[in-house]
Amino acid sequence: MCEVVLLSVARRPLWLLFFESLVPAGFPSPAEDHHGVKLDLNRLLLPHPDSTYLVRVMGESMTGGESGIRDGALLAVDCHLRAQHDDVVIAVIDGEFTVKRLVQRGTIWWLVPDNPTFPSIEVTEPDLFDVWGVVTHVVTETRRGRLSSYVRVS
């Protein structure tokens, strides 16, 4: 199971330069004009500021899947959204937080890890289960170990 740490967030605009040209993951394209516009990172990550939070993930149960969630990743979690089939969610089971994909198989709901070495969790007792929020974005370091220097847990 993953451990989830809730982080406080400054909720004022955070404007960063944004380049609208797509960056090929394959071969580079011929040079294009690189005109930057401004992107409000807080508006992108925190569309419902009063009900969106950043959380940090600890654990490997979501590593290796299409969600791109690795140990140490930051997740933007919107508690305003209603969870749907195939959403990645922060769920509470028996009072413990976990991040998993919410999947409906027939009439039964499951919490499914992206990492196939971890077991899926069948939601058998709805009274002991709640979806705290829907994960909308993942921030993952490409140079591991630097995120901690920017996170202040109060």
Side-chain angles (χ1 to χ4, degrees), residues 1-26 28 34-104 109-123 128-154:
M1 193 167 285
C2 291
E3 181 179 341
V4 177
V5 178
L6 181 65
L7 304 172
S8 60
V9 178
R11 299 185 186 275
R12 59 184 180 276
L14 175 61
W15 295 100
L16 300 173
L17 278 178
F18 174 71
F19 294 93
E20 293 179 312
S21 335
L22 299 176
V23 177
H34 299 286
H35 300 287
V37 295
K38 296 277 184 166
L39 167 73
D40 180 356
L41 195 57
N42 276 344
R43 192 168 181 186
L44 173 69
L45 296 177
L46 312 170
H48 301 108
D50 294 332
S51 58
T52 306
Y53 303 91
L54 293 177
V55 299
R56 188 168 183 193
V57 175
M58 286 183 244
E60 301 288 340
S61 72
M62 294 300 286
T63 300
E66 68 180 79
S67 66
I69 298 173
R70 298 190 316 211
D71 179 41
L74 278 181
L75 307 177
V77 181
D78 193 332
C79 298
H80 181 77
L81 298 176
R82 183 181 172 96
Q84 300 175 353
H85 166 75
D86 211 33
D87 279 342
V88 174
V89 299
I90 302 295
V92 182
I93 302 175
D94 285 331
E96 299 286 329
F97 286 102
T98 187
V99 58
K100 299 283 184 290
R101 187 171 302 278
L102 183 65
V103 174
Q104 185 176 20
W109 288 94
W110 293 80
L111 293 171
V112 179
D114 279 358
N115 185 336
T117 64
F118 286 79
S120 296
I121 301 168
E122 182 180 357
V123 179
L128 302 176
F129 167 80
D130 192 21
V131 173
W132 184 69
V134 175
V135 175
T136 58
H137 294 85
V138 179
V139 178
T140 301
E141 291 181 300
T142 55
R143 289 183 172 179
R144 289 184 179 234
R146 304 182 100 199
L147 180 62
S148 296
S149 63
Y150 299 105
V151 173
R152 181 181 59 206
V153 178
S154 53

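This structure is a prediction, so every number in the text was calculated from the model and none was measured.
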query = Do you know which two heavy atoms are closest between T98 and I93, and how far apart they sit?
reply = CG2-CD1, 4.2 Å
task = Before giving the answer on side-chain contact (heavy atoms from CB on, under 4.5 Å), spell out for W109 and L102 the whole-Å C-alpha distance, their side-chain angles and the decisive distance to 0.1 Å.
result = CA-CA 7 Å; W109 288 94; L102 183 65; 3.5 Å; yes
remark   = Sorted by chain and residue number, the salt bridge (Lys or Arg N to Asp or Glu O under 4.0 Å) partners of D86 (sequence neighbours excluded) come out as R101
ask   = Between N115 (side chain) and G64 (backbone), is there a donor-acceptor pair under 3.5 Å?
value = no
Distance-only donor-acceptor pairs under 3.5 Å for side chains of residues 73-83, two or more places apart:
{"unit_1": "D78", "atom_1": "OD1", "unit_2": "H48", "atom_2": "ND1", "d": "3.4"}
{"unit_1": "D78", "atom_1": "OD1", "unit_2": "H80", "atom_2": "N", "d": "2.8"}
{"unit_1": "D78", "atom_1": "OD2", "unit_2": "H48", "atom_2": "ND1", "d": "2.6"}

request  = Mind running side-chain contact (heavy atoms from CB on, under 4.5 Å) on E60 and F118 for me, showing each step along the way?
outcome  = CA-CA 9 Å; E60 301 288 340; F118 286 79; 4.2 Å; yes
note = Between V112 and M62, the two heavy atoms sitting closest are O-SD, 4.2 Å
message = When you measure from the side chain of D40 to the backbone of N42, do you find a donor-acceptor pair of N or O atoms at a distance under 3.5 Å?
response = yes
inquiry  = Is the shortest side-chain heavy-atom distance between P47 and T52 below 4.5 Å?
reply    = yes
task = Looking only at non-hydrogen atoms, find the nearest pair between T136 and L45 and report the distance.
result = OG1-O, 4.3 Å
query = Does T142 have any side chain to side chain donor-acceptor pair (under 3.5 Å) partners at least two apart in sequence or in another chain, and if so, which?
reply = none
ask   = What pair of heavy atoms forms the shortest contact from R56 to G72, and how long is it?
value = NE-O, 3.5 Å
query = Taking all atoms of both residues into account, what is the closest heavy-atom pair of K100 and L111, and its distance?
reply = CB-CB, 3.8 Å
Close side-chain approach of M58 and D71, heavy atoms under 4.5 Å = yes
query = Does the side-chain contact (heavy atoms from CB on, under 4.5 Å) test come out yes or no for V99 and V89, once each step is laid out?
reply = CA-CA 6 Å; V99 58; V89 299; over 6 Å; no
task = Heavy atoms only: give me the nearest T63-R70 pair and the separation to one decimal.
result = OG1-CA, 3.8 Å
